[in-house]
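Below is one structure, written out as structure tokens, with a few remarks after it.
Every heavy atom of this structure was used, including side-chain atoms; hydrogens, water molecules and symmetry mates were not.
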Amino acid sequence: MASSNEPEALVPKPKKELLLNAFVMTTPGHLSPGLWKHPRNRTDEYNKLSFWTSLAQLLDAGGFHAMFIADTLGPYDVYKGPANVDPALAAGAQFPVNDPLYTVPAMAAATKNLIFGVTASTTYDAPYAMARRFSTVDHLAEGRVAWNIVTSYLESAARNFGLETQIEHDERYRIADEYMDVVYKLWESSWRDDAVIRDREKGQFAVPGRVRPINHKGKYFQVPGPHISEPSPQRTPFLFQAGTSKAGTEFGAKHAEAVFVGGQLPELVRKSVDALRSTAKQFGRDPSHIKVFAGVTVIVDETDEKAQAKYKELLSYGDREGALALFGGWTGTDLSPFSDDEDLVLVDRPAVRSIIHRWSSTVPGTEGLTWTKSRIAEFLSIGGM
């Protein structure tokens, strides 16, 4: 054991622990459209509880820390659109999709350690109702539920929730910031720790005066309270967030305990992480307290050659139309007007050019290759963006 007098440089630093999340979605095709057809794939059973409890047990036994469950509130309908759900529907590309929260209690009951990160939007649901749902599931999961906070991004979702178009991007984050104020008040300050006594002899379940209203009156929400659920094991669930825009980074730096980022190269991820940690420090938080999860698609085999062969075999099940439907939803750009061999770096679509410039400089093995519609579909068929 190192003594307190040893130079700091000689004291071994504790090893960082690798945290593993499995990224899933309650749909046939999440980020690899078409793979539901593979003989070893079972995601077409996404609407069976046994599928989810079996997957949760596998991850728990394998040492994964969490199952991170994505969600959308509308179909990807930009490709061959407008408002055309057929390509996504035929491919099972994130459509149909079920609510991710309902399977969590059963999965928690079937596992010992696995955490369940559930995506839910602050744009289309009332904070009072959201707080109740997460308190309920946190009770049933015995403290193993997390909330991936999103503000939603699909026009199809906006239309289905009664809006003509989406609320402006930064305004959605302003709404989300007040939303968090409301749920914090409900979870943390409405019920005292000793409010519930469960005294059978006296016949008293809870003590009046130990539960209070929150009386929130803000720009976007009026919530008198009190919270309708008693405090759950965590009170506030563990908070995930994903978003690298300026507004998204500020939101994550203020609220998130873990942040999900994308990026093919470590140096690109580092830029996002540095911006996040710097902003967290401005909010008075310890930047090291925010954990960062980077998305990666891993194909494993005994040798590189076998792994490449496995990749090609998986790719043979990919669904081109489904991949292009996902691209349309993610970017808002319909690629159907372009020919298969057209170099999309040259098209008059700044958003498309920006994405392709990033891919051409970061995706391994694509040096000097032309990014056509077919190449984009192939790239997105295994693991998405």
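Checking side-chain atoms of Arg270 against main-chain N and O of Leu265 turns up no donor-acceptor pair under 3.5 Å. No donor-acceptor distance shorter than 3.5 angstrom exists from the side chain of Ser278 to the backbone of Ala275, with no hydrogens or angles considered. Trp187 contributes a side-chain N or O that, together with a main-chain N or O of Ala131, makes up a donor-acceptor pair within less than 3.5 Å. In this structure, Asp138 contributes its side chain and Phe134 its backbone to no donor-acceptor pair below 3.5 Å. Looking at Ser121, its side chain does come within 3.5 Å of a backbone N or O of Thr123 through a donor-acceptor pair.
With contacts defined as side-chain heavy-atom distances shorter than 4.5 Å, the pair Val347/Phe338 qualifies. You'll find the side chain of Thr331 stays beyond 4.5 Å of the side chain of Val352, heavy atoms only. Residues Pro75 and Pro96 are not in side-chain contact: their nearest non-hydrogen atoms beyond the backbone lie 4.5 Å or more apart. Counting only heavy atoms from C-beta outward, the side chains of Thr27 and Asn98 never approach each other to under 4.5 Å. Using a 4.5 Å cut-off on side-chain heavy atoms (C-beta onward), Arg144 and Gln234 make no contact. Side-chain contact between Phe293 and Val261 is absent, with no heavy-atom pair separated by less than 4.5 Å. Within the 4.5 Å cutoff, the side chain of Ser381 has no heavy atoms near those of the Arg320 side chain. Side-chain contact between Leu314 and His38 is present, with at least one heavy-atom pair separated by less than 4.5 Å.
For Asp177, the salt bridge (Lys or Arg N to Asp or Glu O under 4.0 Å) partners at least two apart in sequence or on another chain are Lys254. By the ring-ring contact (aromatic ring centres under 6.0 Å, His included) test, Phe64 pairs with no residue at all, sequence neighbours left out. Every residue meeting the side-chain contact (heavy atoms from CB on, under 4.5 Å) condition with Thr122, not counting sequence neighbours, appears here in chain and number order: Trp147, Ile149, Thr151, Ala176, Tyr179. For Arg349, the salt bridge (Lys or Arg N to Asp or Glu O under 4.0 Å) criterion is met by no residue, not counting sequence neighbours. Not a single salt bridge (Lys or Arg N to Asp or Glu O under 4.0 Å) links Glu378 to another residue, sequence neighbours left out. For Glu342, there are no salt bridge (Lys or Arg N to Asp or Glu O under 4.0 Å) partners, not counting sequence neighbours.
Residue-environment remark: OH (Tyr102) stays at or below the threshold of 12 foreign heavy atoms within 6.0 Å. Within a 6.0 Å sphere centred on CD of Glu142, heavy atoms belonging to other residues, nucleotides or ligands number 12 at most. Counting non-hydrogen atoms of other residues, nucleotides and ligands closer than 6.0 Å to CD of Glu164 gives a total of 12 or fewer. Within 6.0 Å of atom CZ in Arg132, 12 or fewer heavy atoms from other residues, nucleotides or ligands are found, so the atom counts as exposed in its surroundings. In the displayed structure, Trp191 atom CH2 is contacted under 6.0 Å by more than 12 heavy atoms of other residues, nucleotides or ligands.
Here the closest non-hydrogen pair linking Ile115 and Ala146 is CG2-CB, 4.2 Å. Here the shortest heavy-atom pairing between Arg375 and Leu369 reads NH1-CD1, 3.5 Å. Taking every heavy atom of both residues into account, Lys112 and Asp60 meet most closely at N-OD2, 2.8 Å. Of all heavy-atom pairs between Ala323 and Leu380, the closest is O-CD1, 3.8 Å. In plain terms, the two heavy atoms of Ser190 and Pro226 that are nearest each other are OG-CB, 3.2 Å. Of all the heavy atoms in Lys373 and Leu335, the pair that sits closest is CD-O, 3.2 Å.
Look at Glu17 and Lys291 and you find no salt bridge, because none of the NZ, NE, NH1 or NH2 atoms lies under 4.0 Å from a carboxylate O. A salt bridge links Glu250 to Lys246: at least one charged side-chain nitrogen sits closer than 4.0 Å to a carboxylate oxygen. Arg210 and Asp194 are joined by a salt bridge, as a carboxylate oxygen and a charged side-chain nitrogen come within less than 4.0 angstrom of each other. Comment: Arg353 does not engage Asp343 in a salt bridge, judged by the lack of any side-chain N to carboxylate O separation of less than 4.0 angstrom.
The aromatic rings of Phe68 and Phe240 sit perpendicular, their planes meeting at an angle over 60°, well past the 30° parallel limit.
Ile175 and Leu239 fall within a single hydrophobic cluster, where Ile, Leu, Val, Met, Phe, Trp and Tyr are joined by side-chain heavy atoms under 4.5 Å apart, directly or via other members. Residues Leu326 and Ile376 share a hydrophobic cluster, clusters being chains of Ile/Leu/Val/Met/Phe/Trp/Tyr side chains in contact below 4.5 Å. Linking ILVMFWY residues whenever their side-chain heavy atoms come closer than 4.5 Å, directly or via other members, leaves Met180 and Ile290 in distinct clusters. Hydrophobic clustering (side-chain heavy atoms under 4.5 Å, transitive across Ile, Leu, Val, Met, Phe, Trp, Tyr) keeps Val150 apart from Phe238. Val137 and Ile228 fall within the same hydrophobic cluster, where Ile, Leu, Val, Met, Phe, Trp and Tyr residues are linked whenever their side-chain heavy atoms come under 4.5 Å apart, directly or through other members.
Aromatic ring centroids of Tyr184 and His255 lie under 6.0 Å apart. Ring centroids of Phe95 and Tyr76 are separated by 6.0 Å or more, keeping the two rings apart. In this structure, the ring of Trp330 has its center no less than 6.0 angstrom from the ring center of Tyr153. For Phe23 and Phe260, the ring centers sit closer than 6.0 Å to each other.
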**OP:** Show your reasoning for whether salt bridge (charged side-chain N to carboxylate O under 4.0 Å, His left out) applies to Arg42 and Glu45.
**Re:** CA-CA 6 Å; Arg42 291 179 50 207; Glu45 300 176 19; 3.2 Å; yes

**OP:** Determine, step by step, whether Thr43 and His30 satisfy the side chain to side chain donor-acceptor pair (under 3.5 Å) criterion, reporting the C-alpha distance in whole Å, the side-chain angles of both residues, the deciding distance to 0.1 Å, and the verdict.
**Re:** CA-CA 9 Å; Thr43 55; His30 179 203; over 6 Å; no

Original post:
Run the salt bridge (charged side-chain N to carboxylate O under 4.0 Å, His left out) check on Arg159 and Asp77 step by step: do they pass?
Top reply: CA-CA 12 Å; Arg159 293 195 302 271; Asp77 63 353; 2.5 Å; yes

Subject >> Derivation of the side chain to side chain donor-acceptor pair (under 3.5 Å) call for Thr119 and Asn148 >> reply: CA-CA 4 Å; Thr119 300; Asn148 175 39; 2.8 Å; yes

**OP:** Just do the salt bridge (charged side-chain N to carboxylate O under 4.0 Å, His left out) check on Arg285 and Glu257 with the steps written out, would you?
**Re:** CA-CA 11 Å; Arg285 298 183 65 188; Glu257 296 167 274; over 6 Å; no

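Trp359 contributes atom CH2, which lies 5.5 Å from atom CZ of Phe379 (distance to the nearest 0.5 angstrom).
Side chains of Gln204 and Asp199: a donor-acceptor N/O pair is absent below 3.5 angstrom, by distance only. For Glu178 and His216, the side-chain atoms include at least one donor-acceptor pair closer than 3.5 Å. Glu171 and Tyr220 share a side-chain donor-acceptor pair at under 3.5 Å.
Screening Lys310, Lys312, Lys306 for a salt bridge (Lys or Arg N to Asp or Glu O under 4.0 Å) involving Asp301 leaves a single residue, Lys310.
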